[in-house]
Amino acid sequence: MASSLSQTVFFSILLLLSFHQASAKKTHLHFYFHEILSGPNATVMTVVNPSNNTNSFTFGAIAVIDDLLLEGQDDNSTLIGRAQGLVGAVGRDGSLESMLNFVFTEGKYNGSTLAIYGRVVQGVTIERPVIGGTGMFRMATGYSVAKPADVSATKLVYEFDVYVWHKKMKDN
């Protein structure tokens, strides 16, 4: 009896998931994430630094970001939004945890957001899940892949590909 009930629940969940995916729209976004590390236009600020070493971002540190999302790798490329959120140094191995909202301010997705959460290891390709969205991206799920495009002492540029399944809206 219990086995039959659990099988019914399992198949009901599978059926609901298949309906969701069949009614979802798939969107692929491609853009560049620009983080300015220092200077008057810095887009990242350390707000907690337990080591008291102002030149390092070590275990226990927390930063806030308001980075640029641009169409291209060039600094003068068209601004399409901002990446706003928190980054914490959570691993003694240097790994980070990021909680980001991609806030789109131009174009078709103006006013919409995507929520990205996950582990970051600097200098390598980073894959993180899309855990939600607003506006055109209501009910969003998916994943993002970020590849280092330009890393220097003053800035980080990552090339992003984001694959999102979301509710079909009248405008998309």
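Residue indices begin at 1 and follow the sequence shown.
- Cluster membership for Val157 and Ile116, using ILVMFWY side-chain heavy atoms within less than 4.5 angstrom, is not shared.
- Between atom OG of residue Ser144 and atom CZ of residue Phe102 there is a gap of 6.0 Å, rounded to the nearest 0.5 Å.
- Rounding to the nearest 0.5 angstrom, the gap separating the CZ atom in Phe104 from the CZ atom in Phe137 is 5.5 Å.
- By the criterion of side-chain heavy atoms lying less than 4.5 angstrom apart, applied directly or through intervening Ile, Leu, Val, Met, Phe, Trp or Tyr residues, Leu100 is not grouped with Ile131; the two fall into different hydrophobic clusters.
- Here the shortest heavy-atom pairing between Thr134 and Gly111 reads OG1-O, 4.3 Å.
- At a threshold of 4.5 Å between non-hydrogen side-chain atoms, the residues Val87 and Met99 do not count as touching.
- To the nearest 0.5 Å, atom NZ of residue Lys147 and atom OG1 of residue Thr125 are 6.0 Å apart.
- Under the rule for a ring pair (Phe, Tyr, Trp, His ring centres under 6.0 Å), the partners of Phe33 that lie at least two apart in sequence or sit in another chain are Phe160.
- Going from atom OG1 of Thr113 over to atom CE of Met136 covers 12.5 Å, rounded to the nearest 0.5 Å.
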Report all side-chain donor-acceptor pairs from residues 59-73 shorter than 3.5 Å, counting only partners two or more places apart or in another chain.
| from | atom 1 | to | atom 2 | distance (Å) |
| --- | --- | --- | --- | --- |
| Asp66 | OD1 | Arg82 | NE | 3.1 |
| Asp66 | OD1 | Gln84 | NE2 | 3.1 |
| Asp67 | OD1 | Thr43 | OG1 | 2.5 |
| Gln73 | NE2 | Ala149 | O | 3.3 |

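- In plain terms, the two heavy atoms of Gly133 and Ala140 that are nearest each other are N-CB, 4.0 Å.
- One hydrophobic cluster holds both Ile126 and Val164 under the rule that ILVMFWY side chains link at heavy-atom gaps under 4.5 Å.
- Side chains of Leu79 and Glu106 form no contact here, defined as non-hydrogen atoms less than 4.5 Å apart.
- Two residues are said to be in side-chain contact when any heavy atoms from C-beta on lie closer than 4.5 Å; His34 and Asp150 fail this criterion.
- Put simply, the side chain of Val130 does not reach to within 4.5 Å of the side chain of Tyr117, judged on heavy atoms.
- Lys25 is listed as a side-chain neighbour of His166, based on a closest heavy-atom distance under 4.5 Å.
- The backbone N or O of Val103 lies less than 3.5 Å from no partner atom in the side chain of Asn101, so there is not a single donor-acceptor pair.
- The CZ atom of Arg119 sits 12.0 Å away from the CZ atom of Arg128 when rounded to the nearest 0.5 Å.
- Leu37 approaches Ser152 most closely through the heavy-atom pair CD1-O, 3.8 Å.
- Taken together through direct or relayed side-chain contacts under 4.5 Å among Ile, Leu, Val, Met, Phe, Trp and Tyr, Val44 and Val47 form parts of separate hydrophobic clusters.
- Using a 3.5 Å distance cut-off with no hydrogens or angles, the side chains of Tyr158 and Glu35 do not pair a donor with an acceptor.
- Note that CG of Asp75 is 11.0 Å distant from CG of Asn41, once rounded to the nearest 0.5 Å.
- Side-chain contact between Tyr109 and Thr27: present, with at least one pair of heavy atoms (C-beta onward) separated by less than 4.5 Å.
- Taking His30 as the reference, His28, Tyr32, Glu159, Asp161 meet the side chain to side chain contact (heavy atoms under 4.5 Å, CB included) condition, with sequence neighbours excluded.
- Val162 is connected to Leu156 through a chain of hydrophobic side-chain contacts under 4.5 Å among Ile, Leu, Val, Met, Phe, Trp and Tyr, so both are in one cluster.
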